[in-house]
Amino acid sequence: MFDNLASKFSSAFSSLRGKGRLKSGDISEIVAEIKSALLDSDVAISVAEDFTQKIQERAELVLDEVNKSTNPSQAIFNIVNEELITILGGSARRIRFAKKPPTVILLTGLQGAGKTSLAGKLAKYLKDQGNTPLLVASDLQRPNAVTQLQVVGESVKVPVFAPEPGNGVGDPIRVAKDGIKFAQDKLHNIVIVDTAGRLGVDAELMEQAKKIRDAIEPDEVLYVVDAMVGQDAVRTALAFQEGVGFDAVVLTKLDGDARGGAALSITQVTGKPIIFAATGEKVTDFDLFYPDRMASRILGLGDIQTLAEQAKNALDSETTAKLEKKFVEGEDFTLDDFLAQLEAMKKMGSMTKLLGMIPGANSGAMKKQLEQFDDSELIKTQAIVQSMTPLERNDPKVLNGSRRSRIAKGSGREVSEVNSLVERFTGAQKMMKQMRTGKGGMTLPPGMGGMGMPAAPIKKQQSQSKKKSRSGNPAKRALES
Ligand code: GDP
């Protein structure tokens with residue numbers, strides 16, 4: 001996410017850090033670098049200018065004071081962080097619920113922006129919080145939009161109101177109105193209305209969106225934007241704002257090679273906050289938009305909060321309690337336990353994405369490793385374990401040559417891969433024992449221990465580096481572990 005921008009910020013600050021006492025010229029230099037990084041990332045000129053001017057002014061104002069501190073560059077870094085959070089909207093904005101349910105949410109935006117996918121993601125998110133959403137299929141234009149919404153609704157177990165087949169047939173305003181009525185009758189507390197987009201802004205599109213808005217008087221009109229479109233997205237957003245009006249923005253496709261232009265410009269230009277962010281095609285690739293976390297990523301500080309939240313959600317309390325009990329009671333960890341861990345890791349989503357949230361993930365060496373990380377290794381490892389019998393999973397010592405060859409065939413892997421997994425698992429098992437008996441130096445919590453990553457899922461095997469002493473920085477230490 002915003003890799004290019006993040007690496008430019010990182011290099012600007014590393015040159016500032018080397019300077020010790022700062023002069024006015026140093027500030028101008030870093031401000032110029034930041035401005036060029038922003039423009040390069042397709043941030044609107046007016047936003048880049050305002051942003052850098054504010055940093056320059058604030059930094060100049062505190063320069064004398066800052067130079068008395070032990071780390072002058074840190075103070076400038078903090079100013080940039082604060083200003084980044086500000087242009088990203090300040091604090092996270094949440095859905096405003098109607099006093100009298102149902103809360104009506106209208107999705108607007110260009111075709112292909114990700115509205116229909118978002119409808120499913122949003123429905124799941126709201127349902128997980130204890131709501132009873134209803135999806136309404138008012139995109140009767142785009143081929144298969146109605147079916148797509150039905151499929152997505154089915155996958156998240158949220159009902160879809162779709163009385164018309166779509167593909168050009170049916171009246172979207174009528175469907176939206178009837179959908180609200182249906183939600184009232186069936187006591188749904190939230191209605192999410194998917195509408196048609198076009199490939200570009202046109203009068204007909206605006207007219208239809210406006211008519212739907214007037215007919216259902218939504219509590220929230222969300223404008224869905226493809227973050228990869230850059231500054232163009234901001235121009236279209238302005239047209240929508242004038243034509244239909246919206247309350248908040250949703251950024252989609254932040255997982256792609258979005259340069260950051262839309263994210264950094266849209267709130268400043270439209271005055272509307274970004275409320276949600278979609279980071280992939282899966283229904284779980286979605287969260288509230290947190291300006292401080294986004295700023296943190298751009299500045300190379302990672303996003304530990306999101307990472308911790310995702311880990312907590314993925315490890316269900318039953319599995320964690322079971323592993324803890326085993327650990328305390330001195331039972332061996334088996335390949336079945338390992339399988340449960342793999343499942344949890346898969347639930348957390350792409351490992352590349354997860355590791356990208358670790359501080360420093362955008363720096364040179366780490367970035368290269370991330371690029372080589374192969375998410376499919378998790379699935380391959382899982383296939384190997386699943387091809388084992390319960391006996392073998394419980395006691396890998398029984399795995400003789402013929403059993404290993406059968407497992408390799410069953411999972412479609414090479415015998416050498418089976419061997420290597422068993423070897424690493426046995427090593428991890430030993431390490432867990434040492435941890436328990438206090439002979440090993442590590443104190444990772446059970447369930448998150450050394451066997452969590454036995455498949456070494458780096459595409460090309462990295463040469464083993466020499467054992468280093470562990471870092472005093474907790475984030476770095478977690479990374480080393
Ligand atoms: P709509 O025309 O606005 O309803 O757009 P869709 O919901 O059909 O999305 C268009 C395409 O973008 C589909 O192929 C989606 O799978 C994809 N898409 C939507 N959101 C995301 C996202 O956050 N990341 C990625 N990579 N793809 C997305």
Side-chain angles (χ1 to χ4, degrees), residues 1-3 105-125 135-156 158 160 162 164-168 170 172 175-176 192-202 204-206 208-209 212 221-230 232-233 236-237 239-240 244 246 248-263 266 274-290 294 297 303 306 310 349-350 352-354 356-357 375:
M1 199 187 282
F2 307 160
D3 288 354
I105 302 170
L106 179 67
L107 304 182
T108 63
L110 292 185
Q111 184 171 317
K115 284 185 301 302
T116 309
S117 317
L118 182 95
K121 291 170 181 164
L122 184 56
K124 177 177 173 12
Y125 171 86
L135 287 161
V136 173
S138 272
D139 179 353
L140 303 180
Q141 216 69 39
R142 181 165 63 79
N144 288 326
V146 173
T147 323
Q148 190 187 333
L149 194 70
Q150 281 166 327
V151 170
V152 97
E154 172 71 25
S155 77
V156 297
V158 168
V160 180
E164 297 286 359
N167 300 326
V175 170
I192 302 165
V193 183
D194 186 25
T195 65
R198 296 283 194 281
L199 293 172
V201 175
D202 68 26
E204 202 189 333
L205 160 77
M206 294 291 180
Q208 188 184 92
I212 296 181
V221 180
L222 303 185
Y223 178 64
V224 184
V225 184
D226 175 344
M228 293 213 277
V229 180
D232 252 3
T236 323
F240 261 88
V244 190
F246 55 82
V249 175
V250 179
L251 283 182
T252 63
K253 309 191 193 177
L254 280 169
D255 52 313
D257 53 2
R259 284 184 291 164
I266 207 155
I274 302 168
I275 182 166
F276 294 113
T279 54
E281 298 196 54
K282 287 202 282 221
V283 285
T284 45
D285 294 331
F286 172 84
D287 203 352
L288 272 180
F289 181 81
Y290 295 95
M294 184 58 78
R297 275 174 175 237
D303 185 356
T306 303
Q310 291 192 359
S350 143
T352 325
K353 242 188 238 172
L354 288 173
M357 294 185 211
D375 272 311

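Read the numbers this way: they start at 1 and go in the same order the structure lists the ligands and their atoms. Predicted model only: the values in this text are computed from it and were never measured. Atom set for the values below is all heavy atoms of this structure, side chains included, hydrogens, waters and symmetry mates excluded.
Using a 4.5 Å heavy-atom cutoff, the side chains of Y223 and V250 are not in contact.
For D194, no nitrogen or oxygen atom sits less than 3.5 Å from a nitrogen or oxygen atom of ligand 1, counting backbone and side chain alike. Between G112 and ligand 1, at least one pair of N/O atoms sits closer than 3.5 Å. The N/O atoms of D139, backbone and side chain alike, include none that comes under 3.5 Å of an N/O atom in ligand 1. The shortest N or O to N or O distance between T252 and ligand 1 is not below 3.5 Å. Polar contact check, L118 against ligand 1: no nitrogen or oxygen pair lies under 3.5 Å apart.
Atom numbering of ligand 1 starts at 1 in the shown order; those under 4.0 Å from a heavy atom of Q148 are 6 (P), 7 (O), 8 (O). Atoms of ligand 1 found under 4.0 Å from any heavy atom of G280, numbered from 1 in the order shown, are 21 (C), 22 (C), 23 (O), 24 (N), 25 (C). The atoms of ligand 1 that sit less than 4.0 Å from any heavy atom of S117 are 6 (P), 7 (O), 9 (O), 15 (C), 19 (C). Within the listing of ligand 1, atoms 2 (O) sit less than 4.0 angstrom from a heavy atom of Q111. Near L110, meaning under 4.0 Å from any of its heavy atoms, are these atoms of ligand 1: 3 (O). Which parts of ligand 1 touch A278 is read off a 4.0 Å heavy-atom cut-off, strictly below it: atoms 23 (O).
Residue contact check for ligand 1: G109 places no non-hydrogen atom closer than 4.0 Å to it. For T279, the closest heavy-atom approach to ligand 1 falls below 4.0 Å.
The nearest pair of heavy atoms linking I212 to A176 is CG2-CB, 3.8 Å. What you find for S138 and P172 is that their closest heavy atoms are OG-O, 3.0 Å. Considering all non-hydrogen atoms of both residues, F289 and A277 come closest at CD1-CB, 4.0 Å. Nearest heavy atom pair, residue T284 against residue K124, reads CG2-CE, 3.8 Å. When every heavy atom of R142 is checked against every heavy atom of T116, the shortest pair comes out as NH2-OG1, 3.0 Å.
For T195 and D139, the side-chain atoms include no donor-acceptor pair closer than 3.5 Å.
Remark: minimum distance from atom 26 (N) of ligand 1 to any protein heavy atom is reached at D255 OD2, 2.8 Å. In terms of protein heavy-atom proximity, atom 5 (O) of ligand 1 is nearest to G114 N, 3.1 Å. Scanning the protein heavy atoms around atom 20 (N) of ligand 1, the nearest turns out to be K121 NZ, 3.6 Å. Here the protein heavy atom with the shortest distance to atom 3 (O) of ligand 1 is K115 N, 2.7 Å.
No donor-acceptor pair closer than 3.5 Å links the side chain of D232 to the backbone N or O of V229. With hydrogens and angles ignored, the 3.5 Å screen pairs a side-chain donor or acceptor of K115 with a backbone N or O of G109. Side-chain atoms of T252 do not come within 3.5 Å of backbone N or O of A278 as any donor-acceptor pair.
With salt bridges taken as basic N to acidic carboxylate O contacts below 4.0 Å, one links D226 and K253.
Aromatic ring pairs are classed by plane angle as parallel below 30°, tilted from 30° to 60° and perpendicular above 60°; the pair F286 and Y125 is perpendicular.
For atom 12 (O) of ligand 1, the nearest non-hydrogen atom from the set K253, E281, Q141, K282 belongs to K253. Remark: among candidates T116, V224, T108, the nearest residue to atom 4 (O) of ligand 1 is T116, based on non-hydrogen atoms.
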